[in-house]
Amino acid sequence: MNKGLISFLVFVVGLAVFHNAIFPIFTPKEIGWVLNRYVYFLLFVAYVIITNLILRLKPPIAMTALFVWGLGFYFYKFVLYPPIPWTLFITYMVMWSIGTFLFISQDPETFREFRKPIVKTIVGEYKFAQIIVMIAMPILVGFATYNTIYPSYQEPVELRTVHPAPPATTKVHGKTYPLESTNNPFRIDEQDNYKDSFPFLDADKHEYMKYVTEGGTIFFQNCHYCHGDQLNGLGMFSHVFNPTPANFIDPGTIAMLQEAFLFWRVSKGGPGLPNESTPWSSAMPPWEEHLNTEEIWKVILFEYWYTGWHPRTFGTEGAEG
Amino acid sequence: MTKNTNYIKRLIFSVLAVALMSVPGAALAQSMPDAIKKDMLETGKKVYFKRCVWCHGVEGGGDGPSADRLFTRPRNFIQGTFKIRVTDSGELPMETDLIKTVKNGLQGSAMPAWGEFLSENEIVSVVQFVKSLVQDREWDDEDEEVNVQDFGTNPWGTTGPYHLGVPQADIDAGKEVFLKNKCFECHGGEGRGDGNPTMKDDWGFPIVAADWTQCWNFRGARRDPFNPFNVVRTITTGLNGTPMPNFKDQITVEDRWKIAAFVNSLCPRKNIDPLTNKPIPDFLIQSVYTEGQVSPMIDDPSWQSPDTDSRIVPFSDEIKDNPKRHYIAMAGQITRGKRNFDPKTDDLWVTSRWSAEDNAVYYLVEYHQRFMSQDPEYPDAVAMQWPAKLQDLFGAEKPYFIMGDSKKPVDIWKANFMAQDYNATNAPKPEGYKLKTSVEEFVGLGFDAVSTKESESKVQVVDSIYKQGRVKIMFKRNLKTDGEFDVQIPTEQFIPVSFLQWSGRDKEKDEHMAISTWYYTILKPALPASLYYMPPIMAVVFVCFQGWLIWMTKRTRKMYDEGKIKRDELPK
């Protein structure tokens, strides 16, 4: 069999097998150091090079160029994660195509070799290829034109600042709190001492657990619909709202915030946000309308106890942890 | 000797098992319930009191702090009544049932899926603890037996996520089984759960039958909502503690699969978000341009399209240009004022057309409501909410989504309606109920600052019906009007829109309602004429280019051959 053809089959069949059988293995739920998509891609590249070397296939330069270009396409389209926007994809592919072209035209010999099959197709020495290309290309152009003209709409992407700069002070139930220096009045002890304590059961034994129990009670009467029974932002109503309710398990929310910031956010809710945080669509209630100040502090205490995160503290002030 | 008797015992047992299996509807295996693994209770208690106590309560009585604001309420474990099982009606569940429940949660209720949150060991442990909370029954009682039921196997070998490809003949046969067994007495004529408004569960709390067209809310969906097995399991074992009986003696295993296929065929295939286990909302409502006038009749062919996503099952040819039905997720308004923890509607389906000749846009809003109001003081209602001053909004800016704010008013089109000659206990009525509708237009400057517009009403409800548990309301309004607080509707532009819904039977009014977040709608232009002539032109141009390329290349070759020009020399 023609060596070029074998080389082509090695590539195409290999890709099909790799993509359908091996790719899933390398994209498990928990990404590891070995089991990840980039290692998978390197493996595939290694497979292509090694099989071609071992079988001494020496594919013609035009085919090699096709392989190189195809690998780039495969990488940007299917391997790279998260998927990149279409415009960025085009940009990357233009760069990659230029790179491939430079590779072919590195010296006149490779360049001529590269041109040879193309010229032969054009002038009709490869009759069959010529017919296919000459018919397929105009049809493709027609389709591409149709697709570009066909009006299609996608909802606009909206950006918002998730954690805006808080105000210097906030007034809740008639009292003004400077955010810089306000602490949770119920954080009376080191949280980690109560990791294995039971809400309800230990509420009489430890004052701290009493507050946690009260905070949890408020949470499960008011907040879990949105923030979830697991505090992961996946409550039974969460799918309805956009922006989606905050996920407190995520290191990017309460774990990096000060309790005073939370106090402000919980008291004032969505309507208290500045414009860059799209206050008009945040479903977060201004809790000062439903809860008293103590209840707000207790529910914050509970959120930290449940997730195990510690609030960020200001400098040396405030309790460690 | 002992070896031998053992062998004989096993032989007899397997013969018995085979004999049992071949009797339709008979139990697959009878045994004692799985005993509690006492050594895991310590860990189980820790997990329970951190994660579950808030709903299920300190003693497992289903009376945690959240309970009074949840519908359905958290389970009371004390009686040992569990809904989702593979065992016979009234029996205790297998341990694996409970493990699956804890891992997958109970969709459509507050009970979340713990599979990704807790470790395997924690899950098994907490299940032991839950079992230990059962007071009225003993897991190691001699008299407790559990009979794992025979469910047969999926005869069509359909696969997830959508389980498509069941032959229509089997679905139709399933419908016959449905009619014969009178599931409609509870589940309604088309399965929307609108059959019986007076049911109670074993604890005396009101309960409604499942809406089959929202199978992602089946408690036993096991995060695989389109799988017919779930339905087979439900009708084989019933749901303990609820009026849902088992049908294992009335319906053969083969027929159970057929009725399951029928039940599942009613559930629209939508892309389900694996995190929330609900369909992904269609955030852009596309209004289709209509040549001439738009038909103001819900039953007109131009308005027909399935709820199923056309990317999963493509539209048939007759309706391929019809507008899609868009899925709008709804929740109780629990942000401001009087909160609604118990919304009666989970979602709306919105379809839209507009016409330049008509100078009007039409929105067909549909939703499922099991029971309608019979009290004229509390009619049912649904509304569309728009920015009243669209032209003044900058960038992504919008009014506050709960009835606007003091700076940015909203324009609310509200349809109030009562079903005529309706009684919730009526038998299914295939032709549906006419609605008596009235339209109100409001300006909202905040949920507590909503007033009726002074200008005369320009929104019309041109057609409406309540049929087999589904409300359909068609709004019409001119694109441009002269009211100060009327939204002026541009074409080819993204316009924010959201939805509000009130259930009269639940005495909902004002901000005590169900709500969606902001969506967008766009009035799509007519398909440009260039769509039909540009592609062929471009193709022809390309053909010419190819011809030129061939000619040029051949000419160059010839010139080489004739020595007129020299080929580039390769370096030695």
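Keep in mind the model is a prediction, meaning the values are calculated, not measured.
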Most contact-rich option vs chain A, by heavy-atom pairs under 4.5 angstrom, among B/Val543, B/Val541, B/Leu527, is B/Leu527
Return yes when atom CE of A/Met137 has more than 12 non-hydrogen atoms of other residues, nucleotides or ligands closer than 6.0 Å, and no otherwise. no
Partner chain B: residue of A/His224, A/Arg160, A/Met284, A/Gln130 with the largest heavy-atom pair count (under 4.5 Å): A/His224
Between B/Arg69 and A/Tyr225, is a side chain to side chain donor-acceptor pair (under 3.5 Å) present by the stated rule, with each step listed? CA-CA 10 Å; B/Arg69 286 182 180 171; A/Tyr225 301 94; 5.5 Å; no
Evaluate the criterion side-chain contact (heavy atoms from CB on, under 4.5 Å) for residue pair B/Phe542 and A/Leu140; output intermediate values, then yes/no. CA-CA 10 Å; B/Phe542 198 80; A/Leu140 276 180; over 6 Å; no
What part of B/Pro536 is in contact with chain A, defined as an atom under 4.5 angstrom from a non-hydrogen atom: side chain, backbone, both or neither? neither
Is B/Cys52 in contact with chain A via its backbone, its side chain, both, or neither, using a 4.5 Å heavy-atom distance? neither
Taking all atoms of both residues into account, what is the closest heavy-atom pair of A/Asp229 and B/Ala110, and its distance? OD2-O, 2.7 Å
Atom OG of B/Ser66 and atom CG of A/Asn222: how far apart are they, to the nearest 0.5 Å? 11.0 Å
Listed partners of A/Phe143 passing ring-ring contact (aromatic ring centres under 6.0 Å, His included), at least two apart: none
Counterpart residues, ring-ring contact (aromatic ring centres under 6.0 Å, His included), relative to B/Trp54 (two or more places apart): A/Phe200, A/Phe220, A/Phe302
For B/Met538, which atoms come within 4.5 Å of any heavy atom of chain A: side chain, backbone, both, or neither? both
Can you tell which of B/Lys45, B/Glu116, B/Gln286 has the highest number of heavy-atom pairs within less than 4.5 Å of chain A? B/Lys45
Tell me, for B/Thr556 versus chain A, whether the close heavy atoms (under 4.5 Å) come from the side chain, the backbone, both or neither. neither
What option among B/Lys278, B/Met111, B/Glu492, B/Gln333 has the most heavy-atom pairs under 4.5 Å with chain A? B/Lys278
Measure distances from A/Ile135 to the heavy atoms of chain B and classify the residue's part below 4.5 Å as side chain, backbone, both or neither. neither
Where B/Ala539 and A/Pro138 come nearest, the two heavy atoms and their spacing: CB-O, 3.5 Å
Bottom line for B/Lys408: the part with an atom under 4.5 Å from chain A's heavy atoms is side chain
Side chain, backbone, both or neither of A/Thr278 within contact of chain B (heavy atoms, under 4.5 Å): neither
A/Ser197, part contacting chain B, at a heavy-atom distance under 4.5 Å: neither
Can you list everything that forms a ring-ring contact (aromatic ring centres under 6.0 Å, His included) with A/His290? Sequence neighbours excluded, please. A/Trp287
So which atom in A/Ser282 and which in B/Tyr400 form the shortest heavy-atom distance, rounded to 0.1 Å? O-CE1, 4.0 Å
Is there a side-chain contact between B/Met534 and A/Tyr146 (heavy atoms, below 4.5 Å)? no
salt_bridge(A/Glu158, B/Lys398) N-O dist < 4.0 Å: yes
Using modelled atom types only, decide if a donor and an acceptor are shared between the side chain of B/Thr553 and the backbone of A/Ile122 within a distance under 3.5 Å. no
Heavy-atom pair of closest approach, residues B/Phe494 and A/Glu155: CE2-CA, 4.3 Å
Can you tell me which portion of B/Trp551 sits under 4.5 Å from chain A's heavy atoms? Options are side chain, backbone, both or neither. neither
To the closest 0.5 Å, what do you measure between CH2 (A/Trp280) and CD1 (B/Ile402)? 15.0 Å
Does any heavy atom of chain B fall under 4.5 Å from the side chain of A/Gln230, the backbone, both, or neither of them? both
Taking all non-hydrogen atoms of both residues, which atom of B/Ala329 and which atom of A/Val240 are closest, and how far apart? O-CG1, 3.5 Å
Residue that, paired with A/Met236, satisfies side-chain contact (heavy atoms from CB on, under 4.5 Å) out of B/Asn277, B/Thr276, B/Leu70: B/Leu70
Portion of A/Gln154 that has a non-hydrogen atom of chain B nearer than 4.5 angstrom: backbone
Side chain, backbone, both or neither: which part of B/Phe341 has a heavy atom under 4.5 Å from chain A? both
Atom group of B/Pro343 that falls short of 4.5 Å from chain A, counting heavy atoms: side chain
Where on A/Glu125 is there a heavy atom nearer than 4.5 Å to chain B: the side chain, the backbone, both, or neither? side chain
More than 12 heavy atoms of other groups within 6.0 Å of B/Leu549 CG: yes
Do A/His239 and B/Leu275 have side-chain heavy atoms sitting under 4.5 Å apart? no
Just so I know, are the side chains of B/Arg336 and A/Pro286 near enough to count as touching, which here means a heavy-atom distance under 4.5 Å? yes
Please determine, among A/Thr145, A/Val133, A/Asn232, A/Asn275, the option with the most heavy-atom pairs under 4.5 Å with chain B. A/Thr145
For B/Ala514, is it the side chain, the backbone, both or neither that has a heavy atom under 4.5 Å from a heavy atom of chain A? neither
Do A/Val123 and B/Ile550 have side chains that approach each other closer than 4.5 Å (heavy atoms only, starting at C-beta)? no
Heavy-atom pairs under 4.5 Å with chain A are the metric here; pick the option from B/Phe283, B/Tyr48, B/Phe117 that has the most. B/Phe117
Which of the residues B/Gly332, B/Cys55, B/Gly64 is involved in the greatest number of heavy-atom pairs with chain A at under 4.5 angstrom? B/Gly332
Is B/Gln107 in contact with chain A via its backbone, its side chain, both, or neither, using a 4.5 Å heavy-atom distance? neither
So if I take each residue of residues 516-525 of chain B and look for any heavy atom under 4.5 Å from a heavy atom in chain A, which residues do I end up with? B/Ser516, B/Thr517, B/Trp518, B/Tyr520, B/Ile522, B/Lys524, B/Pro525
Name the region of A/Asn147, side chain, backbone, both or neither, that has any atom closer than 4.5 Å to a heavy atom of chain B. neither
Is the terminal nitrogen or CZ of B/Lys50 (NZ for Lys, CZ for Arg) located under 6.0 angstrom from the six-membered ring centre of A/Tyr306 and within 45° of that ring's axis? yes
Where does A/Pro199 contact chain B at under 4.5 Å (heavy atoms): side chain, backbone, both or neither? both
Quick one: closest heavy-atom pair of A/Ala283 and B/Thr335, and the distance? O-OG1, 2.9 Å
